[in-house]
Amino acid sequence: MAFTIKQTTTPEWPVVKQGPKVAIPRNRVKPLESEMKRCVILPDAQIGYFRNRKGKMEPTHDEKAIALALEITRLVRPDMVVLLGDNLDLPELSKYRITPPYQQTTQATIDRATVFCAELRAAAPNAKIVWLAGNHEERLPNHILDNARAAYGLRRGNIPDTWPVLSVPFLCRMEDFGVEYKEGYPANHIWLNEQIHQAMDYLMK
């Protein structure tokens with residue numbers, strides 16, 4: 001005897017998808033003519049949300065601080081921008097996953113971080129932008145390994161050299177904005193020049 005199962009309802013828990021496509025306005029800002037190279041280092045944006053008692057989503061990050069950081073970046077006209085990690089909060093994928101205020105907030109975080117990447121590129125159109133993964137970004141791959149190991153590392157068909165579809169750089173469309181993502185926390189690092197080295201392990205001391 002054969003049975004046919006029909007799904008009459010869709011999952012109430014939405015699947016995380018890529019952030020929105022964002023068009024970056026043309027910026028004719030020219031690099032500063034100077035022998036000195038400029039680098040803007042931005043730590044811990046901690047983009048995230050929670051639901052208040054009325055169920056309305058509110059940011060846990062500081063929008064005014066982000067706006068100020070973007071304005072400073074625009075004024076400095078840096079050659080390089082380095083994001084030190086923990087730019088996403090992702091409590092829903094951590095030990096707070098069953099805490100009601102944080103449930104179903106991951107997509108909003110991905111969407112805001114995607115816009116942040118676009119805003120950063122608009123503020124620094126000529127800069128190399130590097131995002132070092134922090135322990136909060138690592139919550140995403142760790143959550144997949146713990147709960148859906150078969151989905152870890154899945155990529156789009158016939159495009160093997162791209163980021164996995166459930167990775168921070170893919171979800172935040174970093175390739176669209178020329179943002180380089182360095183995974184491998186806590187060993188990821190970047191040389192700002194031949195003398196200055198910036199590493200995530202410095203933040204752990």
Check for a donor-acceptor pair, side chain of Thr114 on one end and backbone N or O of Arg173 on the other, with a separation under 3.5 Å.
no

For the backbone of Thr105 and the side chain of Thr109, can you confirm whether one donor and one acceptor N or O come within less than 3.5 Å of each other?
yes

Donor-acceptor under 3.5 Å (Gln18 side chain, Leu171 main chain)
no

Answer yes or no: are there more than 12 heavy-atom neighbours, outside Ile98 itself, under 6.0 Å from its atom CD1?
no

Ala124 backbone acceptor or donor facing Arg121 side chain under 3.5 Å
yes

If the threshold is 4.0 Å, N to carboxylate O, is there a salt bridge linking Glu180 and Lys182?
yes

Heavy atoms from other residues, nucleotides or ligands near CZ of Phe170 exceed 12 (cutoff 6.0 Å)
yes

Is it true that Arg139 and Asp89 make a salt bridge, defined as a side-chain N closer than 4.0 Å to a carboxylate O?
yes

Does a side-chain heavy-atom distance below 4.5 Å link Ile41 with Leu84?
yes

Can you check whether Ala113's main-chain N or O pairs, donor with acceptor, with Asn87's side chain at less than 3.5 Å?
no

Looking at Lys64, is its backbone amide N or carbonyl O close enough to the side chain of Asp62 to form a donor-acceptor pair, meaning the two atoms are under 3.5 Å apart?
yes

Pairing residues for Glu175 by the side chain to side chain contact (heavy atoms under 4.5 Å, CB included) criterion, not counting sequence neighbours
Trp163

Report yes or no: does Arg51 contribute a side-chain atom to a donor-acceptor pair with the main-chain N or O of Gln104 at less than 3.5 Å?
yes

side-chain hydrogen bond (donor to acceptor under 3.5 Å, both in side chains) with Glu137: which of Trp131, Tyr185, Tyr181?
Trp131

